[in-house]
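Please read these numbers as outputs of a predicted model, since none were measured by experiment.
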Amino acid sequence: MNKLLEKTPRSGKHAVTLRMVCYIAALILSLAVMIFILSASGSNEPNFIAAVVGVWILFVLFCAYKIYRVSRKQSVFQKGTLTVTELDDMNGIAFEELACEILVANGFDLAENTPATRDFGVDILAEKDGMTYAIQCKRYKDAVGLEAVQQVYAGRAFYECHVAVVLTNQNFTANAQKLADKLGVVLWDRETLRNLL
């Protein structure tokens, strides 16, 4: 397994819990701000009150959505519950989303998907121990070729990350391994993925 993954980091769950606490604190603070605005304005005009309450409700909905997403991320993946064979049947998008959960469960402080289009060869941006990672995910049925290495190498530069990684449920071709060695791209193959699960 790659030496960067062998470090024993602080748990990524701490970062997830901290995010949830921040969103809850933002909700409480927004309620206090809304009450202050309504009382300080002294206005009894229904349109003004409706506008202030409406903005607050939109903010509550946004925070509730974010809390839901954070709590879902916290509970979706647990180490030891999946096998690599189960990942072979996923589609690419589901594999990318689950890969974020797998990284957080393995001590990454942050792992987020990039936009589905115009991702510049990077599917996940992650952070661990102050290092930033540009990760290309390949859920394939055959060995991954050198195109993935080229894409993530270019994407790493675009996103200004420290480390470029290709993560796959398969293995890599000899040419992909040679190019990765030359460019300094880290390859996480089927065995590495098995260790992360």
Side-chain angles (χ1 to χ4, degrees), residues 1-23 26 66-67 69-79 82 87 90 92-140 144-172 176-197:
M1 192 188 301
N2 183 282
K3 288 181 182 175
L4 291 169
L5 281 180
E6 290 175 346
K7 294 180 184 175
T8 306
R10 57 196 158 138
S11 171
K13 288 183 181 177
H14 175 68
V16 171
T17 304
L18 183 60
R19 284 173 131 189
M20 191 175 292
V21 168
C22 287
Y23 286 124
K66 292 301 235 175
I67 289 169
R69 293 277 301 184
V70 168
S71 66
R72 188 170 167 264
K73 282 187 175 291
Q74 192 172 21
S75 61
V76 168
F77 175 78
Q78 293 180 354
K79 285 181 71 79
L82 288 176
L87 302 185
M90 289 184 162
I93 294 171
F95 180 71
E96 291 171 16
E97 290 175 358
L98 182 61
C100 286
E101 307 304 327
I102 291 168
L103 292 171
V104 170
N106 280 277
F108 277 76
D109 301 314
L110 178 69
E112 296 181 338
N113 295 104
T114 57
T117 57
R118 297 185 180 179
D119 62 10
F120 298 97
V122 175
D123 298 313
I124 297 173
L125 295 173
E127 186 176 333
K128 178 179 176 183
D129 296 338
M131 298 284 285
T132 53
Y133 294 73
I135 302 170
Q136 170 78 266
C137 295
K138 293 295 182 186
R139 206 265 333 130
Y140 276 10
V144 177
L146 54 84
E147 254 185 35
V149 176
Q150 293 168 333
Q151 290 171 357
V152 78
Y153 181 73
R156 182 207 59 80
F158 177 81
Y159 286 106
E160 299 178 353
C161 292
H162 298 110
V163 183
V165 179
V166 181
L167 170 66
T168 184
N169 63 318
Q170 295 299 329
N171 294 303
F172 294 92
Q177 291 174 18
K178 284 180 189 175
L179 184 61
D181 287 343
K182 182 76 172 172
L183 298 178
V185 172
V186 179
L187 301 180
W188 291 343
D189 61 7
R190 191 172 185 85
E191 188 59 32
T192 304
L193 185 56
R194 183 176 287 114
N195 291 331
L196 292 173
L197 295 175

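Here the side chains of Leu167 and Ile124 are not in contact, with every heavy-atom distance at 4.5 Å or above. Contact annotation: the side chain of Leu82 never approaches that of Ile102 to less than 4.5 Å [non-hydrogen atoms, C-beta and beyond]. No side-chain heavy atom of Val122 sits under 4.5 Å from any side-chain heavy atom of Arg156. In this structure, the side chains of Leu193 and Thr168 stay at 4.5 Å or more apart for every pair of heavy atoms.
Scanning for side-chain contact (heavy atoms from CB on, under 4.5 Å) contacts around Ala94 gives Met90, Asn91, with sequence neighbours left out. Considering only residues two or more places apart in sequence or on other chains, Ala180 meets the side-chain contact (heavy atoms from CB on, under 4.5 Å) condition with Val149, Val185, Leu187.
Of all heavy-atom pairs between Ala111 and Val104, the closest is CB-CG2, 4.1 Å. Contact record, Leu179 with Gln150: CD2-CG, 3.6 Å, taken as the closest heavy-atom pair. In plain terms, the two heavy atoms of Val163 and Met131 that are nearest each other are CG2-CE, 3.7 Å. Taking both residues in full, the closest heavy atoms of Asp109 and Asp129 are given as OD2-N, 3.5 Å, listed atom of the first, atom of the second, then distance. Here the closest heavy-atom approach between residue Lys138 and residue Asn169 is recorded as O-OD1, 3.2 Å. When every heavy atom of Gln177 is checked against every heavy atom of Phe172, the shortest pair comes out as NE2-O, 3.1 Å.
By the neighbour-count criterion of 12 heavy atoms within 6.0 Å, atom NZ of Lys79 is densely surrounded, having more than that number from other residues, nucleotides or ligands. Crowding of Tyr153 atom OH: a count of heavy atoms from other residues, nucleotides or ligands under 6.0 Å not exceeding 12. For Glu147, the CD atom counts as loosely surrounded, since its 6.0 Å shell holds 12 or fewer non-hydrogen atoms of other residues, nucleotides or ligands.
Formation of a donor-acceptor pair under 3.5 Å by the Thr132 side chain with backbone atoms of His162 is found in this model. Judged by distance alone, the side chain of Glu96 and the main-chain N or O of Cys137 form no donor-acceptor pair under 3.5 Å. Checking side-chain atoms of Gln170 against main-chain N and O of Tyr140 turns up a donor-acceptor pair under 3.5 Å. Distance alone, capped at 3.5 Å, places no donor-acceptor pair between the Arg190 side chain and the Asn171 backbone.
No hydrogens or angles considered: nothing links the side chains of Asn195 and Thr192 as a donor-acceptor pair under 3.5 Å.
Under the 30°/60° scheme for interplanar angles, the aromatic rings of Trp188 and Tyr133 are found to be tilted.
Between the CG atom in Asp189 and the CZ atom in Arg194 there is a gap of 9.0 Å [rounded to 0.5 Å].
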